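One structure is given here, and the rest of the page talks about it.
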Amino acid sequence: MAVNESLPRLAVLISGGGSNLQALIDASKSGALTARVALVVSSRRDAYGLERAAREGIASFVFRMKKNASAEEAGELLLDTLHKHRIDFIALAGYLSLIPSNVVRAYRNRIVNIHNALLPKFGGKGMFGRHVHEAVIASGEKESGPTVHLVDEVYDHGKILEQVWVPVLPDDTPETLAARVLEQEHALYPRVLQKLIKGEYELE
Ligand code: GRF
């Protein structure tokens, strides 16, 4: 397929399987998302999402904080890479580290995250993956679902752009609930990114 150089360039940041990354790649290929996934950044060398990037011929970069580096220095390194790849928008997709504030500032309103519960509940440090669904079930919530929000300097905190509601069923396990939420994530994330790229949200 010919590469359209005029499309906005998206970096997807991952730490794991990258099924949301795949949803974004697929949406980009189908034209539902008029952006090009131009870079995958992983905080882990063994993330399966890196294989997805390789299979698609997408550039990738393993970004690990050096032991003695400040968040500022780590941010500079990440920014250098993002600029080198001429990245316009950033999507966090299962990325487990905090984004350095110099990166947040440089990409203000152009950096989003997907979370697997209805924020502002069930978010924050340590609330990721299975822990989230366990907490939702333990609290007796009747509904859950993904949230896409802008990224700021605090975990799971920026302005909420969209959410989708799914039922929490009486016999749900963290796995069955995760599967129901994840299916919605894959539809929601490309849709929100498309609206963001098209400037369809009112942002400050
Ligand atoms: C998703 O549930 C996402 O909401 C959360 O981390 C998970 C990542 O899954 N932030 P994957 O790596 O995209 O499959």
Side-chain angles (χ1 to χ4, degrees), residues 10-29 32-33 35 37 39-56 58 60-64 89-99 103-104 111-138 141 143-168 172-194 196:
L10 178 65
V12 183
L13 273 56
I14 61 165
S15 298
S19 68
N20 279 288
L21 162 65
Q22 191 66 54
L24 295 173
I25 293 169
D26 293 347
S28 166
K29 284 163 120 178
L33 173 61
V37 180
L39 177 67
V40 171
V41 176
S42 175
S43 64
R44 297 182 54 146
R45 210 173 290 285
D46 60 353
Y48 178 65
L50 287 171
E51 287 183 36
R52 297 182 192 269
R55 202 186 298 149
E56 304 285 343
I58 298 169
S60 64
F61 172 64
V62 176
F63 174 59
R64 310 213 46 190
F89 292 88
I90 302 173
L92 310 188
Y95 187 69
L96 294 178
S97 304
L98 197 62
I99 299 295
V103 178
V104 172
I111 173 167
V112 289
N113 178 45
I114 189 158
H115 184 71
N116 53 359
L118 296 169
L119 293 174
K121 286 184 180 176
F122 308 108
K125 195 167 166 52
M127 271 301 206
F128 61 89
R130 184 191 164 94
H131 303 300
V132 175
H133 302 300
E134 280 172 353
V136 169
I137 291 170
E141 294 285 327
E143 292 178 315
S144 189
T147 301
V148 179
H149 63 94
L150 292 174
V151 170
D152 65 11
E153 284 86 351
V154 181
Y155 276 113
D156 299 327
H157 179 262
K159 179 188 166 82
I160 291 172
L161 298 178
E162 309 244 355
Q163 300 182 298
V164 172
W165 281 257
V166 303
V168 178
D172 261 334
T173 62
E175 287 72 26
T176 58
L177 180 57
R180 193 174 309 119
V181 172
L182 197 60
E183 187 183 349
Q184 295 303 320
E185 292 185 35
H186 297 161
L188 178 66
Y189 214 9
R191 189 152 51 77
V192 175
L193 275 158
Q194 180 65 8
L196 185 72

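Treat the numbers as computed from the prediction; the structure is a model and nothing was measured. Atoms within a ligand are numbered from 1 in the order they appear, just like the ligands themselves. Position 1 is the first residue of the sequence, and the numbers go up from there.
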Per-atom filter on ligand 1: closer than 4.0 angstrom to a heavy atom of N116 are 2 (O), 4 (O)
### Atom indices of ligand 1 within 4.0 angstrom of S19 heavy atoms, with elements
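By the 4.0 Å cutoff, the relevant atoms are 11 (P), 12 (O), 13 (O), 14 (O).
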Distance col, row H186:NE2 vs L21:CG, nearest 0.5 angstrom, shows 10.0 Å
Query raised in the report: Mind checking whether I114 has a heavy atom under 4.0 Å from ligand 1?
Result: yes
Next on the checklist: Checking side-chain polar atoms at under 3.5 Å, does S144 have a donor or acceptor matched by the opposite partner on H133?
Outcome noted: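 Short answer, no.
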**Study point:** Nearest-option assignment for atom 12 (O) of ligand 1, heavy atoms, candidates G18, G94, P146
**Key:**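 Looking at heavy atoms only, G18 sits closest to atom 12 (O) of ligand 1.
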(request) Taking atom NE2 of H157 as the centre, report whether more than 12 heavy atoms of other residues, nucleotides or ligands fall under 6.0 Å from it. (result)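 Count not over threshold, so no.
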heavy-atom search around atom 9 (O) of ligand 1 in the protein gives N20 ND2, 3.9 Å
for atom 2 (O) of ligand 1, nearest protein heavy atom and its distance come out as E185 OE2, 2.9 Å
Exactly one candidate in I114, L161, N113 meets side chain to side chain contact (heavy atoms under 4.5 Å, CB included) with H149; the answer is N113
Going by heavy atoms in the side chains, are I14 and R52 under 4.5 Å from each other?
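They are not in contact (no side-chain heavy atoms under 4.5 Å apart), so the answer is no.
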